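A quick write-up on the structure given underneath.
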Amino acid sequence: MSQDSPFSSAAPVLVPMPAERPYTYAVPEGMRVVPGSIVRVPLGPRQVAGVVWDGGAEPVDVRKLRPIEQVFDCPPISRDMRRFVDWVSQYTLSPPGMVARMLLRAPEAFDPEPWTEGVKLTDQRPDRMTGARERVLAAASDGFAWTRSGLAHAAGVSSSVVDGLREQGVFEAVMIPPRPVVAAPDTAYAAAELTPDQRAAADDLRAGVEADGFGVTLLDGVTGSGKTEVYFEAVAAALEKGRQVLILLPEIALTHAFLERFQNRFGVKPAEWHSDLPPRMRERVWRQVAEGAVKVVAGARSALFLPFRELGLIVVDEEHDPAYKQEDRVFYNARDMAVVRAHIGGFPVVLASATPSVESRVNASQERYGRVVLSSRFADAALPDLRTIDMRRSPPARGGFLSPLLLQRMAATLEKGEQSLLFLNRRGYAPLTLCRACGHRFGCPVCSSWLVEHRFRGQLICHHCGHTQKRPDACPECGTLDHLVACGPGVERIAEEVVAHFPEARTIVLSSDIMGGVRRLRLELEAIANGDADIVIGTQLVAKGHNFPNMTLVGVVDADLGLANGDPRASERTFQLLSQVTGRAGRTGKKSLGLLQTYQPDHPVMQAIVSGDSELFYEREIGERERTGLPPFGRLAGLIVSAPTRAEAEGHARALRLAAPNASDIFVLGPAEAPLSLLNGRHRFRLLIHGGRRSDMQGFIKAMLAAGPKVRGQIRVQVDIDPQSFL
DNA sequence: AGTTCGCTGAGT
DNA sequence: CTCAGCGAACTG
């Protein structure tokens with residue numbers, strides 16, 4: 001950028017590793033670098049890409065000083081982006097180098113995209129005409145440049161035909177510039193047809209974008225109220241101003257439907273950004289975002305670190321989704337960092353959700369965020385009738401998990417030729433296996449949580465660390481044969497019960513265990529939407545945004561699951577999940593029903609779901625959190641230590657108490673509560689810090705980090721947001 | 001993060 | 001005395 005003056009003899013360079021500050025490199029005679037320049041520098045024995053940073057180069061022993069090797073021919077990282085990296089680094093207590101690493105994740109993109117060689121028609125005619133040659137000439141008669149293989153393919157001939165013509169001078173070789181990854185969106189492609197409600201909401205958002213300046217709006221609309229079409233109007237407004245737009249989605253790999261909706265409105269698909277993107281595509285998207293050629297990116301949380309030139313709007317869809325939290329290396333919540341990014345850039349953010357997070361609701365009620373409410377569903381999408389089934393009064397048959405009331409409804413639905421969905425957020429067959437002879441329970445040898453039986457695969461699997469073993473026939477403790485029993489239900493076991501009751505029905509199980517990955521899953525979902533199944537049994541992946549037009553019954557097998565797991569957000573998560581799942585029914589125009597099997601029908605979450613009154617839930621939950629000091633109102637600077645085994649967690653907690661004698665509370669969590677990511681990384685344990693004033697915690701954590709190298713290497717911190725702290 | 005350094009303890 | 005195996009330290 002023009003206000004950045006160039007460095008001459010030495011420059012600070014942020015390298016992609018956990019450096020606390022930029023390193024100083026010599027700038028060779030005649031080389032020109034400015035803050036933001038992407039450079040290749042020697043680091044120890046290797047060469048890495050780094051970013052020239054701001055501020056003066058700190059003086060360093062000339063014998064240590066090494067020269068910048070190369071300045072990449074690439075737009076420099078903007079000043080806003082550099083401030084963002086510094087801010088995220090401070091806020092997350094991660095070294096700035098590690099944050100910078102996230103924006104240098106496309107190493108091949110730093111060199112300009114190569115032009116490819118192609119061919120173009122000349123005035124020369126071929127010596128002899130053949131059928132193949134005629135087709136090639138016809139295909140190329142538009143006068144544009146073609147790639148050899150592209151032309152051959154279009155003409156239905158082999159590329160040697162093209163080569164032959166080129167040798168005769170019928171074609172000349174030309175260089176073709178890199179093709180854009182996506183065409184420019186057309187804001188006038190298909191003007192939105194909006195209801196008066198939606199129109200009012202869209203105008204609100206549009207006004208925010210047109211006013212040009214920072215602001216956060218919570219777009220709060222029930223499932224099926226058309227949130228997407230409404231925020232597309234804000235996207236259009238930003239595009240009309242010539243700005244770039246970022247739309248964050250929780251799990252981009254499964255959001256095929258979203259891309260289509262975008263295309264219906266803007267005529268083209270947005271550029272995608274997520275971890276499954278092929279490397280070549282990844283580079284091109286990165287480069288073209290940096291050059292400003294890509295106008296709209298739909299991406300996962302890491303898209304927040306793309307080097308936008310003229311970012312003018314961020315939309316965070318499903319803002320409550322836990323997938324926005326990154327829980328390794330740099331711990332951050334992309335939703336909150338999006339707000340920060342917008343604050344730095346001076347442009348608006350839209351947070352959209354049918355079930356907003358409690359933090360966002362609090363921010364809205366305290367008027368730090370604006371709030372736009374969409375209350376009505378589309379005309380053909382009636383709300384489902386929602387009821388609880390009190391499992392104390394209508395218990396399942398012995399050995400079963402489905403209440404007679406639910407089975408009765410399933411039978412009626414099947415009779416009508418409509419589909420049922422049974423939801424249970426637990427993979428596998430049974431969460432615990434034990435020996436009836438001696439009482440031995442199968443625990444994971446690596447991390448001491450229970451092994452989950454997967455009967456289809458004949459395996460016992462630890463859902464915690466991924467440890468797998470074959471399910472034995474005999475008890476390893478007492479040797480008794482055939483006395484192992486499964487305790488509790490998983491989706492496979494529910495499927496068994498369903499097949500026993502409805503042998504003639506087409507039953508399908510959907511969980512992340514299915515073989516064949518995302519592609520297969522998409523096919524299965526399509527098949528269900530086409531009516532190729534009568535009863536679907538699924539884990540939480542069926543809760544996410546798919547439309548099944550003939551699905552008129554949703555049964556939640558265990559609505560209480562997740563309410564009693566020690567997570568301070570247990571109620572909130574359960575409310576959000578149950579809202580989403582029951583929202584799968586009633587999008588059909590047909591009369592539909594949602595049934596929740598629960599032992600706590602009076603629990604506020606069940607009451608809120610059944611009454612359809614989410615205000616009821618939020619008011620209660622916010623009051624409860626204020627009272628107990630849980631996030632976002634926390635008053636305690638408490639630590640939660642979690643580790644692969646309880647004994648280990650306790651050991652670490654003891655060490656932390658010694659290192660930080662002034663810590664108010666150190667809680668210990670066993671393996672059942674420790675997140676999966678814990679064991680995949682290299683660290684041994686992690687700290688979760690809930691509540692408290694951020695500044696207090698930062699001081700506290702820094703004191704602890706200063707306490708010694710033993711603690712330093714192992715601490716990972718995740719801080720729950722104090723809603724004021726990032727504005 | 002990725003690499004080298006240096007200590008410990010088992011092995012020739 | 002050598003060397004694998006591991007944790008700690010350093011990278012400009």
Side-chain angles (χ1 to χ4, degrees), chain A residues 6-29 31-72 77 82 85-86 88-89 92-110 275 279 282 286 302 305 326-332 446 643-644 648 651-652 655-656 658-659 677-686 702 704-718:
Chain A
F7 290 93
S8 51
S9 63
V13 174
L14 207 45
V15 287
M17 55 137 208
E20 286 301 330
R21 58 213 147 72
Y23 286 166
T24 303
Y25 282 86
V27 181
E29 199 69 39
M31 181 184 277
R32 198 189 139 81
V33 293
V34 297
S37 295
I38 300 181
V39 293
R40 186 163 54 85
V41 291
L43 183 69
R46 67 218 149 100
Q47 300 264 315
V48 296
V51 186
V52 176
W53 218 243
D54 304 78
E58 77 179 290
V60 74
D61 190 338
V62 280
R63 281 168 303 178
K64 271 173 86 179
L65 210 60
R66 299 170 77 183
I68 294 174
E69 299 274 340
Q70 180 198 353
V71 185
F72 287 103
I77 300 299
R82 293 180 333 253
V85 168
D86 282 334
V88 172
S89 156
T92 62
L93 299 159
S94 357
M98 283 307 274
V99 183
R101 209 175 86 103
M102 298 195 292
L103 69 95
L104 297 171
R105 279 276 180 74
E108 302 301 314
F110 308 148
S275 54
R282 200 178 173 75
W286 195 96
S302 59
F305 292 91
Q326 171 148 69
E327 304 201 318
D328 57 67
R329 296 187 184 98
V330 180
F331 286 60
Y332 67 94
V446 183
E648 247 180 272
H652 292 308
L656 287 166
L658 286 176
S677 61
L678 180 71
L679 290 149
N680 299 334
R682 293 170 65 187
H683 36 282
R684 302 269 173 70
F685 72 102
R686 92 173 182 183
K702 281 188 177 145
M704 211 161 51
L705 290 170
K710 263 217 131 48
V711 173
R712 182 191 303 271
Q714 298 169 339
I715 275 188
R716 291 295 183 277
V717 184
Q718 182 188 313

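This structure is a prediction, so every number in the text was calculated from the model and none was measured. To find a chain, count down the sequence lines: A is the first, B the second, and so on, and within it residues start at 1.
- OP1 or OP2 of C:dG12 lies within a sub-4.0 Å distance of a side-chain N or O belonging to A:R66.
- Across all strands, A:P18 comes closer than 4.0 Å to base atoms (heavy-atom distances).
- Separating the CG atom of A:D61 from the P atom of C:dC10 is a distance of 15 Å, rounded to the nearest angstrom.
- Among the heavy atoms of the strands lying under 4.0 Å from A:R101 are primed sugar atoms or P, OP1, OP2 only; no base atom is included.
- Distance, A:L43 CG to B:dT4 C1': 13 Å, rounded to whole Å.
- Taking atom CE on A:M17 and atom P on B:dT3, their separation rounds to 13 Å, with Å as the unit.
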(Q) Under the criterion side-chain contact (heavy atoms from CB on, under 4.5 Å), I'd like the reasoning laid out for A:V39 against A:V51: C-alpha separation, chi angles, the key distance, then a yes or no. (A) CA-CA 6 Å; A:V39 293; A:V51 186; over 6 Å; no
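- Using a 4.0 Å heavy-atom distance criterion, A:P16 is classed as making no nucleic acid contact.
- Using a 4.0 Å heavy-atom cutoff across all strands shown, A:R63 reaches no nucleic acid atom at all.
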Q: Kindly determine whether A:F7 and A:Y25 satisfy ring-ring contact (aromatic ring centres under 6.0 Å, His included), including the steps that lead there.
A: CA-CA 11 Å; A:F7 290 93; A:Y25 282 86; over 10 Å; no
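- For the pair A:E20 CD and C:dT11 P, the computed distance is 15 Å after rounding to whole Å.
- Atom CG of A:L65 is separated from atom C1' of C:dG12 by 6 Å (rounded to the nearest Å).
- Residue A:R46 contributes atom CZ, which lies 13 Å from atom C1' of C:dG12 at whole-angstrom precision.
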